[in-house]
Amino acid sequence: MATSYLLLSPSPLKNLPKTHPFPTHPRTPSPTHKPNRLSFCQSKKNNSDLADAPDRLISAICYFYPFFDGIQYGKYVITQFTPFQLIIQPLIPAIRAFKSFPFNGFLVFLTLYFVVVRNPNFSRFVRFNTMQAIVLDVLLIFPDLLERTFNPKSGFGLDLLMSLDSTVFLFLLISLIYGSSSCAFGQVPRLPIVAEAAERQVP
């Protein structure tokens, strides 16, 4: 009797809910999930291409301003070493035009600061590099004051002055090459001391 009842009654296994042996919903990535290398490289590439060609050109040109304004500090180096003469030779017409009027440096300073740095229409890339060039030019006040105050004519004082002027000129030349080349490739150059002062002025 019991055997016939079990055969006639529906199987209890048929009433169980059917479950798929594998979950069909998509897996939620864990918090420690790391993006693949391709997406990381694409994101990095997009960040490096934020500065377009006009911004790079304007930023690169701005670094010529402090170099032209402080070209007189290279009078000892340029006259003694031929490679520096070859570097300066193509820039002589532009340097003469810059030095043709005594207030050109001040006018360029006002133009760069109020027309470029304080103008939100320019990108931060342009304004930051322009401000770095301005700060670098402002720092030229200190060697100028030392030269006007002491101005030795011979002896150890003259040797010290020649070393100071040559150091200032080389720093300006390196800043020009480093700043302009970095801007040309869309990278942000950071000059020692100058970069921190420029960041405080550029919101």
Side-chain angles (χ1 to χ4, degrees), residues 51-149 151 158 161-195 197-198 201-202:
D52 54 12
D55 289 350
R56 298 180 187 185
L57 179 61
I58 295 173
S59 301
I61 293 176
C62 287
Y63 286 98
F64 283 89
Y65 163 55
F67 182 76
F68 287 173
D69 201 19
I71 191 65
Q72 67 274 9
Y73 295 105
K75 55 183 177 289
Y76 302 110
V77 175
I78 296 174
T79 55
Q80 294 178 5
F81 299 96
T82 306
F84 291 102
Q85 298 176 11
L86 299 177
I87 296 175
I88 301 300
Q89 189 67 32
L91 302 177
I92 289 180
I95 295 173
R96 288 178 176 174
F98 182 85
K99 296 289 188 179
S100 61
F101 186 64
F103 295 100
N104 275 347
F106 183 67
L107 294 177
V108 173
F109 168 81
L110 294 178
T111 302
L112 293 179
Y113 185 76
F114 290 103
V115 178
V116 180
V117 176
R118 291 302 178 184
N119 190 350
N121 294 326
F122 287 98
S123 65
R124 192 182 188 279
F125 182 85
V126 174
R127 292 185 288 122
F128 174 76
N129 285 286
T130 303
M131 194 64 216
Q132 275 203 134
I134 292 176
V135 174
L136 184 59
D137 183 74
V138 171
L139 292 179
L140 295 178
I141 295 176
F142 297 102
D144 183 65
L145 288 176
L146 290 175
E147 188 171 347
R148 292 176 182 272
T149 302
N151 194 20
L158 180 59
L161 178 63
M162 293 173 60
S163 299
L164 175 63
D165 287 355
S166 300
T167 302
V168 172
F169 171 76
L170 292 176
F171 182 71
L172 291 175
L173 180 60
I174 293 173
S175 299
L176 170 63
I177 297 174
Y178 168 62
S180 297
S181 60
S182 297
C183 292
F185 288 102
Q187 300 176 355
V188 180
R190 294 186 60 85
L191 302 178
I193 303 173
V194 176
Q201 296 294 327
V202 178

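Each residue takes its place number in the sequence, starting with 1.
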Any chance you could lay out the side chain to side chain contact (heavy atoms under 4.5 Å, CB included) test for Asp144 and Tyr73, step after step, and finish with the verdict?
CA-CA 9 Å; Asp144 183 65; Tyr73 295 105; 3.3 Å; yes
What do the steps show when you test Gln72 against Glu147 for side chain to side chain contact (heavy atoms under 4.5 Å, CB included), and what is the final call?
CA-CA 12 Å; Gln72 67 274 9; Glu147 188 171 347; 5.9 Å; no
Can you tell me if Thr79 uses its side chain to pair, donor with acceptor, with the backbone of Tyr76 under 3.5 Å?
yes
Distance from Ile95 atom CD1 to Ser100 atom OG, nearest 0.5 Å?
12.5 Å
So CG of Leu146 and CZ of Phe142: to nearest 0.5 Å the spacing works out to 9.5 Å
Gap separating the CG atom of Asn129 from the CD1 atom of Ile61, nearest 0.5 angstrom:
12.5 Å
Whether over 12 other heavy atoms sit under 6.0 Å from Phe106 CZ
no
Within this structure, what is the CG-CG distance for the pair Leu57 and Asp52, rounded to the nearest 0.5 Å?
10.5 Å
Side chains of Gln201 and Arg118 only: does a donor on one sit below 3.5 Å from an acceptor on the other?
yes
Output the distance between atom CD1 (Ile141) and atom CZ (Arg148), rounded to the nearest 0.5 Å.
11.0 Å
On a heavy-atom basis, the closest approach of Ser163 and Thr167 is O-OG1, 2.7 Å
So with a 6.0 Å cut-off around CZ of Phe114, is the heavy-atom count from everything else above 12?
no
Does the side chain of Leu173 reach to within under 4.5 Å of the side chain of Val77, using non-hydrogen atoms?
no
Any side-chain to backbone donor/acceptor pair from Tyr113 onto Thr130? Under 3.5 Å, distance only.
no
Of all heavy-atom pairs linking Asn119 and Arg127, the shortest is O-CD, 3.3 Å
Please work out which of the three classes, parallel, tilted or perpendicular, describes the rings of Phe84 and Phe81, given edges at 30° and 60°.
perpendicular
Are Phe109 and Asp69 close enough that some pair of their side-chain heavy atoms sits under 4.5 Å apart?
no
Minimum heavy-atom distance Lys99-Ile71, with the two atoms named
CE-CG2, 3.8 Å
Give the minimum heavy-atom separation between Ser175 and Tyr63, together with the two atoms involved.
O-CD2, 4.2 Å
So, for Phe128 and Ala195, which heavy atoms are closest and what is the spacing to 0.1 Å?
CE1-O, 3.8 Å
Derivation of the side chain to side chain contact (heavy atoms under 4.5 Å, CB included) call for Asp137 and Phe68
CA-CA 10 Å; Asp137 183 74; Phe68 287 173; over 6 Å; no
On a heavy-atom basis, the closest approach of Val115 and Phe122 is O-CE1, 3.4 Å
Distance, nearest 0.5 Å, that separates CZ of Phe98 from CG of Leu107:
9.5 Å
Does Met131 form a side chain to side chain contact (heavy atoms under 4.5 Å, CB included) with Ile134? I'd like the steps, not just the answer.
CA-CA 5 Å; Met131 194 64 216; Ile134 292 176; 4.2 Å; yes
